[in-house]
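Reading through the structure tokens given below for one structure.
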Amino acid sequence: MALRFYNTLTQQSEPFTPLHDNVVRMYTCGPTVYNYVHIGNLRTFTFQDILRRWLQARGYQMEHVMNITDIEDKIIRHAAAANQTIYEYTAQYTQAFLEDTATLRLQRPEHIVKATDCIDDMVSAVQTLEKKGFTYVSEGSVYYRIAKFPEYGKLSHNDFSGIRAGARVDVDEYDKADARDFVLWKAKKDNEPAWQTPFGEGRPGWHIECSVMAMKYLGETLDIHTGGVDLTFPHHENEIAQSEAITGKPFARFWLHAEHLSIDAQKMSKSVGNFYTLRDLVAEGHTPEAIRYLLASVPYRKKLNFTFDGLKAASTSIERLRNYKLRLESAKFPEGVNAQLAERTDAALKAFDEGLDDDLNTAEALAAVFEYIRDTNTAMDSGEFRAGNVAGGLTFLARFDSVFDVLKPTEKTGGLSDADIDALIADRAAAKKGRDFGRADQIRKDLATQGVILEDTKDGVRWKRQ
RNA sequence: GGCGCGGUAGCCAAGUGGUAAGGCAGAGGUCUGCAAAACCUUUAUUCGUCGGUUCGACUCCGAUCCGCGCCUCCA
């Protein structure tokens, strides 16, 4: 079966091919930079990383845009409290976001765009909507009239036909014509940051930035639009309403939504004290690879229950994978090729590919990897694994790691150099030869305390950093 | 109330009409100077519950219980 994704729009799994050539035009709702991103945000961003890596593995080129929301209520509030401009305030968290995603080995989208860099484009978009009669003004703010867009609700599968156009509904302080109408342009209040525009001083509503940036860089119809499930309504619904009102064309062909992450089966919240950022976890000694593995190993449409037991299990699984790779690279195997084993390797690789082709079923892909590892480890023990089978194994691991990217340990600063380690290993070998096991064990122990693990194999000593 | 997701071994989790993948943890064993790594065996007569369809259901249908998300800019 070919590559296919579950499309929120149609509520079905559909075969995927890009609209134009070999290029996938994809848009991702990025962070609002008022704080460090938390592990739940990163679940969604990790899903997007797996998605783009798999599309590339399948031969597509990415044209991927992610926005940075750097003008918004919370930002304004926090910046004011910190006595900073919104630019100063958001710069630090934008930087932190880029660092965190790099730590988690997330590929950078081709375009990362700040909302405040696209104000003019947003103003034009609102003007276009105005011209087409989709807007009205209330208390200086410009609103989108959803009654003008009959398809409203098609993404979230909500039926809004019961809401009568023109019915007067008072919601909070805003005087909207219809409860579902949303703001395109907010009139300036107090000392809020604002831009001078034909509709007066103000700032953009949240939804317009995504419509504008997506179309600016990717054209009127995107191949894929992604985000967390909570964005389905109203954010993505509103993006569709805006974009399709402007162009008259479908905004995005595929909508992919990542399910949420919970902590110990509870919603993450600061008051419960189970609110984790990547920085928190790394500071506690958890590796970025283990976190990445855990976030990636549960298929993206399934709720992910984050636990420290799970994180430990992820770490152990990575160890097993690395040990296997080390064995493949360092052990000596008899000459020749085991053709049957080579065939099974191909079959495992195929199963891996098919797992990911099936709406990024990472659990199935991983199962294929581990089945292959057990199979070939057994063959190595019995001598059936030949030198000619090494390349196939390495190819499979490379394929796996091009998507999961967990095999290479994160560099730790300081510590022993490779030469130091080799010298100590030589000392230990000499001690062992003289049957001085006490000294040999001591060296191994000392190295272990510095994070270097020695393993004696029949082909000699091998070592790895923890 | 509306829309959506889910309940599979101690934990995570795949499967979605033909008789329960995989990972972690646990138990026993092989190998080893010791350790590590690796391998083998073992851990769900059963897939929330109750009915129904079928030669056959975790998988389809109906009902029901439970958990969760969205429905005011939360990924």
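Sequence lines set the chain letters: A, B, ... in the order given, protein chains first and strands last, and positions in each chain run from 1. Reckoned from all heavy atoms, side chains included, excluding hydrogens, waters and symmetry mates.
- Nucleotide B:U19 has no partner under the Watson-Crick or G-U criteria, as no pair reaches both atom distances under 3.5 Å.
- Distances from the side chain of A:Arg320 to the nucleotides B:A13, B:C73, B:A38 place B:A38 closest.
- Applying the Watson-Crick and G-U wobble criteria (two distances, each under 3.5 Å), B:C39 pairs with B:G29.
- In this structure, the nucleotide among B:G15, B:U72, B:C39 sitting nearest to the side chain of A:Thr378 is B:C39.
- Relative to the ring axis of A:Phe404, A:Arg292 does not place its NZ or CZ within 45° and under 6.0 Å from the centre.
- Residues A:Asp446 and A:Thr449 have side chains that never bring a donor and an acceptor to within less than 3.5 angstrom of each other.
- Nearest-nucleotide positions on RNA chain B place A:Asp456 closer to the 5' end than the other of A:Asp456 and A:Ile39.
- Each of A:Glu455 and A:Ala313 lies near RNA chain B, and the nucleotide nearest A:Ala313 is the one positioned closer to the 5' end.
- Distances from the side chain of A:Lys464 to the nucleotides B:G23, B:A37, B:G4 place B:A37 closest.
- Taking 4.0 angstrom as the limit, A:Arg322 places none of its side-chain polar atoms (N or O) nearer than this to OP1 or OP2 of B:A37.
- When each of B:C74, B:A14, B:C70 is scored by its nearest atom to the side-chain atoms of A:Ala363, the top-ranked nucleotide is B:A14.
- Taking CG of A:Leu256 as the reference point, atom CE of A:Met26 lies at 8.5 Å (rounded to 0.5 Å).
- A donor-acceptor contact under 3.5 Å links the side chain of A:Arg444 to the base of B:A35.
- Judged by distance alone, with hydrogens and angles left aside, the side-chain atoms of A:Thr28 form no donor-acceptor pair with the main-chain N or O of A:Gly30 at under 3.5 Å.
- Picking from B:A75, B:C3, B:C12 the nucleotide with the shortest atom distance to the side chain of A:Arg43 gives B:A75.
- We find that the ring of A:Phe370 and the base of B:G23 do not stack by the test of centres under 5.5 angstrom and planes tilted less than 30°.
- Of all nucleotides listed (B:C73, B:A75, B:C34), B:C73 comes nearest to the side chain of A:Val183.
- Across every strand in view, B:A44 sits unpaired, with no contact that passes the Watson-Crick or G-U test at under 3.5 angstrom.
- Nearest to the side chain of A:Arg462, among B:A37, B:A21, B:C74, sits B:A37.
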